[in-house]
Number of protein chains: 2
Amino acid sequence: MEKSKEHKPAVEKRRIQILEAACTVMGKQGIAATRVGDVAKYLGISTGLVHYHFDTKDELLAAAFRHAAEKELAALRLLVTTDGTPRELLNIVINNFFPASSFSSWRLWIEGWAVALRSESFQRTVMELDEAWVEVLADTLTDGVASGDFACVNPRDSAWRLACLIEGLAIQQVAHGGVINDVETRRLVADAVEAEIS
Amino acid sequence: MEKSKEHKPAVEKRRIQILEAACTVMGKQGIAATRVGDVAKYLGISTGLVHYHFDTKDELLAAAFRHAAEKELAALRLLVTTDGTPRELLNIVINNFFPASSFSSWRLWIEGWAVALRSESFQRTVMELDEAWVEVLADTLTDGVASGDFACVNPRDSAWRLACLIEGLAIQQVAHGGVINDVETRRLVADAVEAEIS
DNA sequence: CGGCGAACTGACGGGTCAGTCAGTAAGGTG
DNA sequence: CACCTTACTGACTGACCCGTCAGTTCGCCG
């Protein structure tokens, strides 16, 4: 009983409309606290219609989360197609990752990891996207090494280390507005980047 | 209407018993999926009794989470009181942090960060404990610098970077058993540690 | 025009679960 | 012993919310 019919544009449009609504609501209330009634109300439609397009709530939320993640990834990939020195590109990628630049997106990710502990489909999404994410960073580093700008021993390792560092810092900053603020985050990352590429 | 009376040992004992039961259940089912009925059933008591000791479910879960976190922190602090070279102590601390050594504990933390996004009390716990946690690492590094074993420019910065790196890696490993496995995690961390202290 | 099916509504069933409450058992105190 | 307080039970309630379904609207095609 597959609901997604690629061929019917009107249906697909509605599907996406519901997905984006779900993303907005999830961002506001959190994944766990998102009811299908909330999504429906946000669009001014009935809950029945939501279930007409998505069999279960879990399916809806998983699809919405993936939708949001893929949009972000596409934006990142677009960003690194610009011309520039490896250094400039690296800065662009790193900046895009930063907590401050996309607070609500990090909130979603943090919740996404937690949900992934119990949900098969969330786990897949989170895994694929995290890896694609790191790959962009790794490619940037590899390019810089090829051009002689960077001197990573192992660009892939460096990419994972930097990505995980930023993830950890994002948690510190987003989940609890603790000791680590935006300025400090930037300094810590900048130092780590320097250490990795030189 | 404060329920916790420090003076009555029998009551305090029951409180702790419920807290630990809640921890066990949370570890098994996840924080969000933990019902007060599950905790009661685990102990073979009534739900009424749980509410006799804790006004609300949120209060119970927050207290249980804090209880677990504080126990872990105490264990870590005990661990670093052993004698040894700064190098050995650092290894002990780092090892204790590792995902593989405490999988279920990391699962709880990941969920804890997500809950902290919405819950005042979880946020406090997570913030205090994360900081205490990094402080132990920072102290270890500082001692090593003082004795001339390590050469961190700024031990506090190094501690935050290492802690956040490990956090990020733990997510990669725990939330999705992705590309990053235990061996790779250890290598990535070991390299980062080396870079920080030399 | 007539009829068919896709998109959509809104009320409802059914299950879950936090928190309440009247009542019980047990232990201590005067 | 009579009384009171504390720890505890378990049935119950009221709210919430997912998913269903009978029925409605509307656009399209023959």
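Every chain is numbered from 1 and lettered A, B, ... according to where its sequence line falls, protein lines coming before strand lines. Since the structure is predicted, the reported quantities are computational estimates derived from the model, not experimental observations.
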For this session: Measure centre to centre between the rings of B:F97 and B:W133, then say whether the value is under 6.0 Å.
Result: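 Yes, ring centres under 6.0 Å apart.
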
Nearest-Å distance for atom pair [atom1]/[atom2], residues [X] and [N]:
X: A:R35; N: C:dG15; atom1: CZ; atom2: P; result: 20 Å
X: A:Y52; N: D:dC21; atom1: OH; atom2: C1'; result: 14 Å
X: A:H53; N: D:dG19; atom1: NE2; atom2: P; result: 16 Å
X: B:D38; N: C:dT16; atom1: CG; atom2: P; result: 12 Å
X: A:I45; N: D:dT25; atom1: CD1; atom2: C1'; result: 16 Å
X: B:E12; N: D:dA7; atom1: CD; atom2: P; result: 11 Å
X: B:L49; N: C:dA26; atom1: CG; atom2: P; result: 15 Å
X: A:I18; N: C:dT9; atom1: CD1; atom2: C1'; result: 13 Å

Are there any protein N/O atoms within less than 3.5 Å of an N/O atom in nucleotides 19-22 of chain C, and if so, which ones and at what distance?
residue : atom : partner : partner atom : Å
C:dG19  : OP2  : B:H51   : NE2          : 3.3
C:dG19  : OP2  : B:K57   : N            : 2.6

Exercise. Is there a donor-acceptor contact under 3.5 Å linking the side chains of A:E167 and B:Q172?
Worked result: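 Yes, side-chain donor-acceptor contact under 3.5 Å.
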
Would you mind writing out the side-chain donor-acceptor pairs for residues 27-44 of chain B within the sub-3.5 Å range, not counting sequence neighbours?
residue : atom : partner : partner atom : Å
B:T34   : OG1  : B:G30   : O            : 2.7
B:D38   : OD2  : B:R35   : N            : 3.2

Problem set entry | Any A:R14 side-chain nitrogen or oxygen under 4.0 Å from OP1 or OP2 of C:dA6 |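 Negative; the distance criterion is not met.
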
Problem set entry | Basic-acidic side-chain contact under 4.0 Å: B:R124, B:E120 |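 Answer for the salt bridge query: yes.
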
Exercise. Any salt bridge between A:R14 and A:E20, counting N to O under 4.0 Å?
Worked result: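 So A:R14 does not pair with A:E20 through a salt bridge.
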
Exercise. What pairs with A:V134 under side-chain contact (heavy atoms from CB on, under 4.5 Å), at least two apart in sequence or on another chain?
Worked result: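 A:V134: side-chain contact (heavy atoms from CB on, under 4.5 Å) contacts with A:A159, A:W160, A:A163.
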
